[in-house]
Colleague: 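The structure's right below; bear with me while I get my questions together.
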There are 2 protein chains.
Amino acid sequence: MVTLAEVAQHAGVSASTVSYVLSGKRSISADTRQRVERSIAELGYHPNAGARALASSRSNIIALMIPLRTDMYMPVMMQIAIAVATTARAHGYDVLLLTGEEGPEAVRRVTGSGLAEAMIMMDVELHDERLPLLRSTDQPSVLIGLPADTSGLTCVDLDFTATGALCVEHLATFGHRDIAVVGEAPAVYERHTGFAERTLDGVRSRSRELGVRVLHRPCEGGYDAMSVTLARIFDERPVTTGFVVQNESAVEPLLALLRQQGRAVPEDVSVVAICPDELATQASLRLTSVAIPAQEMGRRAVELLVAKLKGCGTDEVVLLPPELTVRASSGPARAGES
Amino acid sequence: MVTLAEVAQHAGVSASTVSYVLSGKRSISADTRQRVERSIAELGYHPNAGARALASSRSNIIALMIPLRTDMYMPVMMQIAIAVATTARAHGYDVLLLTGEEGPEAVRRVTGSGLAEAMIMMDVELHDERLPLLRSTDQPSVLIGLPADTSGLTCVDLDFTATGALCVEHLATFGHRDIAVVGEAPAVYERHTGFAERTLDGVRSRSRELGVRVLHRPCEGGYDAMSVTLARIFDERPVTTGFVVQNESAVEPLLALLRQQGRAVPEDVSVVAICPDELATQASLRLTSVAIPAQEMGRRAVELLVAKLKGCGTDEVVLLPPELTVRASSGPARAGES
DNA sequence: ATGAAAGCGCTAACAA
DNA sequence: TTGTTAGCGCTTTCAT
């Protein structure tokens with residue numbers, strides 16, 4: 001293993017000079033820099049991460065805590081994780097992957113040991129048990145998702161309240177007066193995951209304003225669950241003509257079932273999905289949808305975190321504005337139908 | 001920040017004693033251990049990761065290199081990543097997330113700096129450019145996936161050759177003589193990803209043995225691509241009665257299109273999927289499938305790696321045997337139809 | 001513009 | 001069973 005000292009010797013300079021060439025924290029004559037850089041290349045030197053972390057108390061690692069659960073839509077999680085890793089690297093950081101499994105203890109472990117300098121938490125619940133720890137630490141952190149109380153926290157998320165409202169508006173504009181929300185799995189609501197509840201808030205308040213009736217039904221993914229849910233919806237509100245789906249694994253089943261029941265989309269019923277664009281465009285019908293900007297969320301989270309690490313970051317809640325793209329699954333309600 | 005020295009002082013013992021209490025590398029009297037543990041708890045001590053790594057030259061970190069591409073099925077990648085992280089933690093390791101973006105350079109960086117002690121690589125190509133580096137390093141590594149030449153490497157993967165063969169056998173048993181393989185996106189084959197090619201090998205050699213005719217068509221995900229692909233298949237081989245699908249995002253489109261064309265599954269055509277069980281059971285039809293044991297693969301990879309780190313590991317190729325579950329999408333071919 | 005040297009907090013020989 | 005101590009490789013202050 002090549003050490004800094006060996007590089008220094010090889011280049012005929014002192015250790016500190018090599019260090020400074022590497023960090024750029026003080027000016028080096030062009031000549032010296034050249035020699036050092038040549039030695040580094042020639043010897044194949046790589047600074048030791050542990051030593052560096054010890055001496056500088058900066059590990060250049062940020063932790064990313066992802067949910068262990070399988071009821072969250074994996075592709076979105078994955079896209080966020082990849083965006084986080086990519087963006088982090090662009091800023092000189094590596095990413096440590098933590099699963100929610102260890103719970104708050106993981107936060108303590110990683111912070112306490114100085115393994116990671118900062119952390120990004122996904123899948124935040126409204127009253128997340130990890131938040132007190134996060135607030136008490138001086139370690140910078142960013143949440144992807146929005147807890148109930150954001151004071152002292154930095155968060156990034158799609159504005160799900162606005163998203164819910166936007167979906168309702170869209171349907172209302174088309175004359176739909178009775179809409180159903182096909183939501184996430186019951187467990188998601190039971191643990192009070194912010195995004196699901198906020199969407200509902202947005203849907204409900206906007207509906208009230210616009211005089212639209214709303215029926216909300218949580219739904220596990222898959223055909224069987226969707227089939228039961230759909231039956232219940234039409235049973236309770238036969239006049240339903242608009243659907244908002246916030247559950248990726250229910251999207252295709254919903255479309256198939258509607259088709260099967262002879263309800264044409266968008267002629268008889270309209271569907272608006274809240275899902276990644278890839279899903280909306282690859283479904284059996286090009287879906288009118290509000291996109292989930294997974295990449296953007298991951299990227300922004302890292303950027304906020306890096307700003308905090310540099311000391312020029314503030315506690316801030318970044319709500320990405322929803323964008324609804326009209327595709328082939330929504331249209332005017334039949335006159336007088338609802 | 002609490003240091004080991006402070007703990008030692010507080011407990012009235014030497015630093016090494018505290019260290020040994022922590023590592024369990026030498027016997028400690030019950031009394032001493034107690035005192036030290038109380039001090040640790042009382043002071044809220046957490047060993048410094050950097051210092052530890054420096055002194056012991058073991059970082060307790062393993063790197064996981066995941067593909068950046070979006071043509072791999074995300075949920076499987078995610079499940080593997082989660083299983084890796086979970087299993088690694090159970091063995092005292094943390095996981096560093098690397099994306100393929102940096103390419104071989106990432107391997108060099110992470111190994112060279114001692115950031116990670118070992119690494120797991122996903123999405124291995126048959127002639128992967130990262131392999132030479134892996135072979136030349138003394139750093140333990142495990143591949144998830146199978147390159148062409150596995151000499152000197154440890155690999156874990158589903159036995160895709162056997163998987164392909166198994167699918168054909170199943171269909172042949174039901175009397176299907178003309179089958180089509182709906183494969184991964186063309187790009188997957190173009191970069192010679194092992195699993196896709198091996199499946200095909202298995203399919204072809206078994207077909208030859210059994211006198212089954214095979215048509216293989218790569219296919220991007222989604223309805224549009226599947227629609228084109230399906231049309232071409234029936235165009236070229238109208239007598240096709242069996243399908244093997246190895247592309248998660250083509251599964252549902254295939255079912256929908258067949259239905260739409262009035263071809264009943266499994267009465268007119270049979271479908272066997274190679275996909276995670278969740279997908280097979282949640283599809284619009286319960287699919288006969290060979291499961292992709294994502295979790296198992298992640299777990300095994302870590303276990304092999306940990307064995308290597310302990311010195312008691314060997315270069316070994318672990319091929320998980322495929323398991324085909326018969327569900328509702330496959331059945332006897334119509335007599336004399338093919 | 002460069003060097004010397006004191007740690008950073010821990011591990012693991014070596015001693016006792 | 002426990003203590004003493006010499007590093008691990010780097011950063012950074014203080015000198016020059």
Colleague: Could you measure the distance from the CD1 atom of A:Ile120 to the OG atom of A:Ser141? Nearest 0.5 Å is fine.
Modeller: 9.5 Å
Colleague: Between A:Gln9 (CD) and C:dT2 (P), how many Å, whole number?
Modeller: 18 Å
Colleague: Check A:Leu309 against A:Pro140 and note the closest heavy-atom contact, atom names and distance.
Modeller: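 Heavy atoms of A:Leu309 and A:Pro140 come nearest at CD2-CG, 3.8 Å.
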Colleague: Spell out yes or no: do the side chain of A:Arg26 and the base of C:dG3 have one donor N/O and one acceptor N/O closer than 3.5 Å?
Modeller: yes
Colleague: Measure from CZ on A:Arg52 to P on D:dG9 and round the result to the nearest Å.
Modeller: 14 Å
Colleague: Reckon B:Ser29 has a side-chain N or O less than 4.0 Å from the OP1 or OP2 of D:dT2?
Modeller: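 For B:Ser29, the contact criterion (side-chain N or O under 4.0 Å from OP1 or OP2 of D:dT2) is met.
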Colleague: Compare the minimum distances between each of C:dA12, C:dA4, D:dG9 and the side chain of B:Ser56, then state the nucleotide with the smallest one.
Modeller: C:dA12
Colleague: Counting only side-chain N and O atoms of B:Ser57, is one of them less than 4.0 Å from OP1 or OP2 of D:dC8?
Modeller: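 For D:dC8, neither OP1 nor OP2 has a side-chain N or O of B:Ser57 closer than 4.0 Å.
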Colleague: Would you please say whether a donor-acceptor pair under 3.5 Å links the side chains of B:Asp31 and B:Ser29?
Modeller: no
Colleague: From B:Met122 CE over to B:Met72 CE, what is the distance, rounded to the nearest 0.5 angstrom?
Modeller: 8.0 Å
Colleague: Can you check whether A:Thr17 has a side-chain N or O nearer than 4.0 Å to OP1 or OP2 of C:dG3?
Modeller: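 Yes, A:Thr17 has a side-chain N/O under 4.0 Å of OP1/OP2 on C:dG3.
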Colleague: Report yes if at least one side-chain N or O of B:Lys25 is closer than 4.0 Å to OP1 or OP2 of C:dA12; otherwise report no.
Modeller: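 Checking C:dA12 against B:Lys25, a side-chain N or O does come within under 4.0 Å of OP1 or OP2.
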Colleague: Atom OH of B:Tyr45 and atom C1' of C:dG9: how far apart are they, to the nearest Å?
Modeller: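 Answer to the nearest Å: 7 Å.
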Colleague: To the nearest angstrom, how far is A:Arg58 atom CZ from C:dG9 atom P?
Modeller: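 Taking CZ of A:Arg58 and P of C:dG9, I get 16 Å after rounding.
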Colleague: Hydrogens and angles aside, do B:Thr193 and B:Arg191 bring a side-chain donor and acceptor to less than 3.5 Å of each other?
Modeller: yes
Colleague: State whether B:Tyr20 places a side-chain N or O below 4.0 Å from either non-bridging phosphate oxygen (OP1 or OP2) of C:dA13.
Modeller: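 For B:Tyr20, the contact criterion (side-chain N or O under 4.0 Å from OP1 or OP2 of C:dA13) is not met.
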Colleague: Taking atom types as they are modelled, is there a donor-acceptor pair under 3.5 Å from the base of C:dA4 to the side chain of A:Ser16?
Modeller: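 Counting by modelled atom types and ignoring angles, a donor-acceptor contact under 3.5 Å is found here.
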Colleague: Heavy-atom nearest nucleotide on DNA chain C for A:Ala15 versus A:Thr32: which residue maps closer to 5'?
Modeller: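 Counting from the 5' end, the first nearest nucleotide belongs to A:Thr32.
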Colleague: Starting at CZ of A:Arg35 and ending at C1' of C:dT2, how long is that distance when rounded to a whole Å?
Modeller: 11 Å
Colleague: Base, sugar-phosphate alone, or nothing: which one does B:Val18 contact when heavy atoms must sit under 4.0 Å apart?
Modeller: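 Contact class for B:Val18: none.
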Colleague: Kindly say if A:Ser14 contacts the phosphate of C:dG3, meaning a side-chain N or O under 4.0 Å from OP1 or OP2.
Modeller: yes
Colleague: What I want to find out is whether B:Asp94 reaches A:Arg109 closely enough, with some N-O distance under 4.0 Å, to be called a salt bridge.
Modeller: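 Counted as a salt bridge, because a side-chain N and a carboxylate O are separated by less than 4.0 Å.
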Colleague: Nearest whole Å is fine: how far is D:dG3 P from B:Leu4 CG?
Modeller: 12 Å
Colleague: Kindly say if B:Ser19 contacts the phosphate of C:dA12, meaning a side-chain N or O under 4.0 Å from OP1 or OP2.
Modeller: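 No, no such contact exists.
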Colleague: Could you tell me the separation between the CG atom of B:Leu115 and the P atom of D:dG9, rounded to a whole number of Å?
Modeller: 16 Å
Colleague: Check every strand shown and say whether A:Ile28 touches a base, only sugar-phosphate, or nothing at a heavy-atom separation below 4.0 Å.
Modeller: sugar-phosphate
Colleague: Which nucleotide sits closest to the side chain of A:Leu54: D:dT1, C:dC10, D:dG9?
Modeller: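 Output: D:dG9.
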Colleague: To the nearest Å, give me how far apart CG (A:Leu22) and C1' (D:dT12) are.
Modeller: 14 Å
Colleague: Where the side chain of A:Pro47 is defined as all heavy atoms beyond and including C-beta, which of C:dA13, D:dC10, C:dT2 is the nearest nucleotide?
Modeller: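 Of all the options, the side chain of A:Pro47 is nearest to D:dC10.
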